[in-house]
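Lettering follows sequence order; numbering is per chain, from 1. All values below were derived from every heavy atom in this structure, side-chain atoms included, with hydrogens, water molecules and symmetry-related copies excluded.
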Amino acid sequence: MIPMDPQEILSLCKRRGFLWPAYDIYGSVAGLYDYGPLGTAMKNSIENYWRQLYVLGEGFIEINCPVVAPEPVFKASGHVDAFSDMYVECNSCGETYRADHLAADKHPNPASLNEEQLGKVLKEIGAKCLECGGELTSPKRFNLMFKTSIGAGRGKVAYLRPETAQGMFVNFSQMYRYGREKLPFGAVQVGRAFRNEISPRQGLLRLREFNMMEAELFVHPEDKTWPKFKDVKGEVLPLVPNSGDSRSMSLDDAVNEKIIRNEVLAYFVWLTFKFAVDIGMDPKRLRLRQHIKTEMAHYASDCWDLEAELGYGWTELVGVADRGSYDVQAHIDHSGADLTAFERFEEPKEIEQEVVKPNFGALGPLFRGEAKMVSEALAGLSTEKVKGKKEVTVDLDGKKFVVPASCYEVVRKIEKVSGRKLVPHVIEPSYGVDRMLYAVLDHSYVKKEDYVTLRLKPIVAPIKAGVFPLMPRDGLDTIALEIFDELTRSGITAYYDDSGSIGRRYARMDEVGTPCCITVDYDSKDDHSVTIRDRDSTSQIRVKKDHVLEAVKALMDGVGFESLAKMK
RNA sequence: GCGGCUGUAGUCUAGCGGUUAGGACUGAAGCUUCCCAAGCUUCAAACCCGGGUUCAAAUCCCGGCAGCCGCACCA
């Protein structure tokens, strides 16, 4: 396959109503696109099929959260700090550098400094442009999140979400309860996310506002097995592990050889591959690449990308990451909420232990207003520290209190423990909708002597059937309109066209990926049959008009065109 | 954000200081018993935006915006 020229595909998209540069009449904005009617239909199909796999197939629950979130959410997630980079520019040659990288030798953690401090450090070491030796500007901060505010006046600092994931992490407790307190469980969200890219490029691949389909699977931290793994373990996938040797191997081998870290991850890597193929990507132009260690996000312990070979080169479409407990723990730390799952022991355990028990009768008179603080300090001491001593000194805010032995005793206490709290680990498959849609178009684009056919699978084709009268008169149009009505009433998107030559009408449908076309000709008036034409082979069969709906439905369900001939 | 190249109907493009801005494809209306972008007639549709130079700018200059390529960035 020759890689498709992206310009050609984007031109088709623009001409035929898949995509338009947004706000075109005002000069457009880089990185913003409108989906036209066909693009919208196709995007909906991709999202709906994804829901079919994740929500219906895997039982994940779907939620929908706001796009705007107050600052603390992204403080916790690390986006406010980690997602903003500092740059310096060379005054003479214009080269830009990551400011913290230049200061790496001088300061242990330059990324933690603010602009001013970092500027000082750079001055001290006399940093110059590495290219031409020119003077550098002072550091400028660039955060890739869109900032806004909630409310009037000064308002509350807020950001547009750079991923949908956080909405699911912060709702862990609600979802956990909704699912009747079981692990593992999965949640998904389909929606928009925003990144103020410095330089959006490559059409749909790097947008400032884009669509994501994200799944967060919350699992027991020590149990990353997966029941359905056994059903797919023999499946062979094209893997590119970070050890370097890319090869196709079975999921079973990949997990056993610890190339993929666990079953859950392996299963969703497989599901991702299946999804891509099902919506029409070419398996020969797909691969699963493991992130190399330095590439891995700070929270991830393993991450696999689904990549497709496109006109732009190999392109990341999906990331499947083991995020560990990073995100949930971060929100626990920042919000104080208890975002844990409770693991019930098979039998409640009785734990017997020695504790220091304060004696309030003695403490009260002795320490008065400070008695409560002292008692709390006492209760926190280990019994080893107080045993056999006449008095013990506790330290409170730098103030020392000498507490005589009469104020406490060491007792044995039996505590019943019925389980333990767990911070769940998260496996995250994160899909870029726009990239997937583009990849499907790229892999479906077939050009033969300037004749373009989009070989879209019926499942994603925006129009499922074209309906034409051979001539727009003699009653042929009436019959064709009857068929058109029947299809659309059944929920099948059809397109009626009676203008121009029949070949032109076929060509129009081929170019937008319509899988089949139904043509009413003069024979139809006599024998009530019509032709159905297959897009990819251009071959035709005749079926009775009454069987058209059934035939089109069969095609939608993936029945091959050849076997359609038998059913008429 | 930097550098290079580039912006003319929906698409591809001609133009090189004075043009009714030309063509092809697409689109629309019609003719043609018309099954694979056929033919014929008619029609619609463009100089990215803003300044400047000039008697005169699609054309030259500057700035912006957008696109492509490279660099950087990409949780």
Side-chain angles (χ1 to χ4, degrees), chain A residues 5-8 10-17 20-32 36 74 77-98 101 129 131 137 140 142-145 162-163 165-166 193 195-203 205-207 291 295-300 303 312 316 319 321 323 326-327 428 430 432 449-453 466 468-474 476 498-511 517-523 525 530-535 537-540 542:
Chain A
D5 176 10
Q7 286 312 304
E8 229 174 83
L10 287 175
S11 164
L12 168 80
C13 287
K14 212 173 149 184
R15 252 184 312 117
R16 292 303 195 178
W20 299 316
Y23 311 113
D24 192 34
I25 64 168
Y26 288 102
S28 300
V29 181
L32 300 181
F74 297 116
S77 70
H79 286 101
V80 170
D81 301 318
F83 209 34
S84 81
D85 295 329
M86 278 182 280
Y87 290 85
V88 289
E89 271 172 72
C90 171
N91 280 330
S92 43
C93 77
E95 188 67 28
T96 57
Y97 300 96
R98 279 280 295 273
H101 290 181
C129 176
E131 285 293 316
T137 61
K140 281 182 278 187
F142 190 79
N143 189 291
L144 263 26
M145 284 193 293
E163 58 175 16
Q166 300 305 325
R195 295 176 191 186
N196 200 0
E197 296 285 352
I198 299 170
S199 169
R201 285 288 167 80
Q202 304 179 312
L205 300 191
R206 241 158 102 209
L207 298 173
H291 278 204
E295 184 184 8
M296 209 108 65
H298 50 297
Y299 52 71
C303 184
Y312 296 108
E316 175 193 344
R323 293 178 79 136
Y326 182 87
D327 302 279
E428 178 194 76
S430 171
E449 288 150 15
D450 284 335
Y451 190 98
V452 172
T453 305
F468 315 141
L470 191 58
M471 296 290 287
R473 58 172 146 272
D474 303 328
L476 301 187
D498 63 8
S499 88
S501 75
I502 192 71
R504 183 178 298 272
R505 286 178 263 167
Y506 288 144
R508 272 196 283 257
M509 288 292 100
D510 287 346
E511 201 181 19
C517 293
I518 293 137
T519 304
V520 176
D521 58 21
Y522 283 93
D523 290 344
K525 289 175 74 174
V530 297
T531 61
I532 302 184
R533 168 188 179 271
D534 175 48
R535 176 194 63 208
S537 64
T538 75
S539 59
Q540 289 180 311
R542 275 201 100 80

Applying a 4.0 Å non-hydrogen cut-off, can you work out what [X] is touching in the nucleic acid: base, sugar-phosphate, or nothing?
| X | value |
| --- | --- |
| Asp510(A) | nothing |
| Gly319(A) | nothing |
| Ser11(A) | sugar-phosphate |
| Glu163(A) | nothing |
| Pro21(A) | nothing |
| Tyr451(A) | base |

Any donor-acceptor N/O pair under 3.5 Å between [N] base and [X] side chain:
| X | N | result |
| --- | --- | --- |
| Arg533(A) | rC36(B) | yes |
| Tyr26(A) | rC65(B) | no |
| Gln540(A) | rC35(B) | yes |

| message | Heavy-atom count check: over 12 atoms from other residues, nucleotides or ligands less than 6.0 Å from Tyr23(A) OH? | response | no
Could you list the protein-to-nucleotides 27-31 of chain B atom pairs, N/O on both sides, closer than 3.5 Å?
unit_1  : atom_1 : unit_2    : atom_2 : d
rG27(B) : OP1    : Arg508(A) : NH1    : 2.1
rG27(B) : OP2    : Arg504(A) : NH1    : 3.1

| Should the ring pair Phe468(A) and Tyr506(A) be called parallel, tilted or perpendicular, given that the plane angle runs from 0 to 90° and is split at 30 and 60? | tilted
Per [X] side chain, nearest of listed nucleotides [options]:
| X | options | result |
| --- | --- | --- |
| Gln7(A) | rC68(B), rU11(B), rA38(B) | rC68(B) |
| Glu511(A) | rC34(B), rA66(B), rA37(B) | rA37(B) |
| Ile502(A) | rA38(B), rC36(B), rC74(B) | rC36(B) |
| Met471(A) | rU33(B), rA75(B), rU11(B) | rU33(B) |
| Thr538(A) | rC36(B), rG10(B), rA72(B) | rC36(B) |

What is the distance from [atom1] of [X] to [atom2] of [N], rounded to the nearest Å?
| X | N | atom1 | atom2 | answer |
| --- | --- | --- | --- | --- |
| Leu205(A) | rG67(B) | CG | C1' | 15 Å |
| Ile532(A) | rC36(B) | CD1 | P | 18 Å |
| Leu476(A) | rU33(B) | CG | C1' | 9 Å |
| Arg206(A) | rA75(B) | CZ | C1' | 14 Å |
| Asp521(A) | rC36(B) | CG | P | 12 Å |
| Tyr312(A) | rG70(B) | OH | C1' | 16 Å |
| Asn196(A) | rG1(B) | CG | P | 10 Å |

| task | Report yes if the ring of Tyr522(A) lies under 5.5 Å from the six-membered base ring of rU33(B) with planes under 30°, and no otherwise. | result | yes
Opposite nucleotide pairing with [N], Watson-Crick or G-U, both atom distances under 3.5 Å:
| N | value |
| --- | --- |
| rC31(B) | rG39(B) |
| rG70(B) | rC2(B) |
| rG17(B) | none |
| rC47(B) | none |
| rA57(B) | none |

Are any protein N/O atoms closer than 3.5 Å to N/O atoms in nucleotides 47-52 of chain B? If there are, list each pair with its distance.
none

| field | rC65(B) OP1/OP2 closer than 4.0 Å to side-chain N/O of Ser28(A) | value | no
| said: With nearest nucleotide decided by heavy atoms, which residue, Asp474(A) or Ala507(A), maps closer to the 5′ end of RNA chain B? | reply: Asp474(A)
